[in-house]
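Structure, as structure tokens:
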Amino acid sequence: MNKFVVQGKVSLRGEVEISGAKNAAVAILPAAMLVDGICRIENVPKISDVVNIVEIMNSMGAAVNWEGSTLIVDCRKINSYEVSYEHAKKLRASYYFMGALLGRCGKSIVALPGGCNLGGRPIDQHEKVFEALGATVTTEGGSVHCHAPSLNCAHIYFDMVSVGATINAMLAACKAKGLTILENVAKEPHVVDVANFLNSMGASVSGAGTNVIKIRGVARLGGGSYAIIPDQIEAGTYMVAAAATRGDVLVKNVIPKHMECISGKLREMGVGVEEYDDSIRVFVDQEAVLRRAQVKTAPYPGFPTDMQPQMAALMVTVEGTSRITENIWGSRFRYTEELKRMGAKITVEGKSAMIEGGAPLTGAPLHACDLRAGAALIIAACVAEGTSYIEEIEFVERGYENVVQKFNALGAKIQKIDE
Ligand code: EPU
């Protein structure tokens, strides 16, 4: 079993380069299954979620090859429309094969996906889309079977804002006859990135980034080149790590606009944030005393749920009572038990966590219960006095490229050991 051994009491300083966005990459790669030509996809993070998606695509007859951080994808010889449980269980994003294969083959059989355990993760909105586009959808033997002799356009109003269902709808509707209209959609930067990728391959998707997306179906998507946007959450993680360790970090290769909800919250807490064209400097002045804060997670442009555990690690270092309200996932506070083992004072009640900050943290044996929880524990371990041992780091490696190298280049003392 691999572990991170983290020596604490460091102040992170220096520069870090952000990789391509995980949640864009894991959607854009399945989207490439719709393309009848060669796609050159640049700025792809080499993380285990992406490696698993590539493995699924290769197993279905696609030719997907790395050239540095670029993937050359040729899906012209796809010979299957089925994703097995062995593959699907490894990551949540395997559900994007439903929309992509339905668009491409008119049918798909995809085992129900795995991914981080954040409470119930229904896919009713995805199924509603496929049915609206004319597919029959059934669940048999643990797999979702979709079948549509022909895909027709539809007008769909989502019951709640869902990143996955919005993207799956764009994938399937790209090849449906006529104009599909999606209302109450997700506006996350990675949703816009998928739309831009599809358009660069010949699709006709408009309105991504607003509440309504319109997709005019096309007969064929040709090949082309596309570069994935920088990862908003990876960037936010290093920004918060800089603040929690009272450091000074230049976070490079970011889109500052995507970071506004995080930059704004850090400024509110007294952290220095300077924005440049494609980088952000985050620093804490020596005499600065950070202020407690309240965070409520919400779909973009609100505060991202995928940043709340890292934000909790910062709040633990700030005197006074901070509060986090989690509005997206029913169960995303399991990491607080780990922070409490380090000396943090946190009370969870329903959707809220009250954090009594300022108590000293000490290193401890810790368990990364999901991807972002793991990131929060790394931050807390960098702050704490002494040594922490973080288990289940596979979760962290699902979503953070070269995490040990990047943190250590900023002055962290993290060692990965294999026991
Ligand atoms: N929901 C439904 N029915 C559905 C779909 C969603 O009820 O059919 C609910 C969910 O239970 C949740 C809310 O709607 O309460 C939002 O879920 P969403 O569909 O937006 O989440 P997702 O697409 O499964 C993606 C990211 C998550 C991120 C969420 C929210 C990927 C692969 N995953 O999940 O990322 O937390 O959006 O922004 O893009 C992570 O990267 O650590 C991660 C968990």
Side-chain angles (χ1 to χ4, degrees), residues 19-31 45 47-50 52-53 88 90-100 112-132 137 139 144 156-171 182 184-194 228-229 231-237 258 261-262 297-311 325-332 334-335 351 368-376 394-401 403:
S19 303
K22 164 181 103 77
N23 287 344
V26 296
I28 285 175
L29 285 165
I47 49 178
S48 60
D49 268 11
V50 166
N52 284 326
I53 290 265
K90 291 184 181 164
L91 77 166
R92 189 77 194 156
S94 48
Y95 54 37
Y96 290 132
F97 287 102
M98 296 177 191
L112 281 162
C116 286
N117 179 4
L118 308 173
R121 295 188 76 170
I123 55 163
D124 55 296
Q125 298 300 299
H126 303 240
E127 294 178 351
K128 161 171 152 164
V129 164
F130 302 145
E131 282 170 350
V137 182
T139 302
V144 178
I156 298 158
Y157 195 100
F158 288 106
D159 299 331
M160 84 282 299
V161 174
S162 160
V163 169
T166 302
I167 291 178
N168 244 337
M170 291 196 295
L171 300 186
L182 309 175
N184 194 27
V185 293
K187 294 178 279 208
E188 268 67 5
H190 36 284
V191 173
V192 179
D193 211 34
V194 176
I228 291 177
I229 52 165
D231 195 307
Q232 178 207 28
I233 305 299
E234 188 197 14
T237 299
H258 294 168
C261 43
I262 298 158
T297 64
Y300 188 84
F303 193 91
T305 172
D306 294 343
M307 277 303 300
Q308 69 91 337
Q310 302 89 311
M311 196 48 132
T325 307
E326 171 57 52
N327 291 314
I328 310 293
W329 297 117
S331 168
R332 203 172 203 174
R334 287 185 304 147
Y335 69 87
K351 286 164 60 169
C369 35
D370 64 62
L371 165 59
R372 309 304 172 186
E394 294 70 23
F395 276 118
V396 182
E397 292 175 334
R398 285 182 46 188
Y400 288 90
E401 189 175 45
V403 65

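Counting starts at 1 for both ligands and their atoms, in listed order. As the structure is a prediction and not an experimental result, all values here were calculated from the model.
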Please list, chain by chain and in numerical order, all residues satisfying side chain to side chain donor-acceptor pair (under 3.5 Å) with S162, sequence neighbours excluded.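 Applying side chain to side chain donor-acceptor pair (under 3.5 Å) to S162 gives none.
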What part of I328 sits under 4.0 Å from ligand 1 if we count only heavy atoms: the side chain, the backbone, both or neither?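 Both of them.
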What part of M160, side chain, backbone, both or neither, has a heavy atom within less than 4.0 angstrom of ligand 1?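 Side chain only.
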Quick check: does G164 get an N/O under 3.5 Å from an N/O on ligand 1?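 Looking only at distances, the answer is yes, because the N/O contact criterion of under 3.5 Å is met.
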Close N or O approach (V163, ligand 1; < 3.5 Å):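 Among all N and O atoms of V163, at least one is under 3.5 Å from an N or O of ligand 1.
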Which residue from R398, R332, Q308, R121 reaches closest to atom 34 (O) of ligand 1 through any of its heavy atoms?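 Shortest heavy-atom distance from atom 34 (O) of ligand 1: R121.
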Of I167, N327, T305, which has the heavy atom at the shortest distance from atom 38 (O) of ligand 1?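 Shortest heavy-atom distance from atom 38 (O) of ligand 1: T305.
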Below 4.0 Å from ligand 1: does a non-hydrogen atom of K22 turn up there or not?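 Yes, K22 has a heavy atom closer than 4.0 Å to ligand 1.
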Against ligand 1, does Y95 come closer than 4.0 Å with any heavy atom?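 Checking ligand 1 against Y95, which is what was asked, there is a heavy-atom contact under 4.0 Å.
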K22 and D231 ion-paired at < 4.0 Å: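 Here K22 does not pair with D231 in a salt bridge, since their nearest N and O are not under 4.0 Å apart.
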In plain terms, say whether R332 and D306 are close enough for a salt bridge, that is, a side-chain N and a carboxylate O under 4.0 Å apart.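 Looking at R332 and D306, the cut-off is met.
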Would you say the side-chain atoms of T237 and Q310 include a donor-acceptor pair closer than 3.5 Å?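 There is such a pair (donor and acceptor under 3.5 Å, judged by atom type) between the side chains of T237 and Q310.
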Student check: side-chain heavy atoms of Y300 and V161 closer than 4.5 Å: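 No, too far: nothing below the 4.5 Å cut-off.
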For E326, salt bridge (charged side-chain N to carboxylate O under 4.0 Å, His left out) partners two or more places apart: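 Expected list: none.
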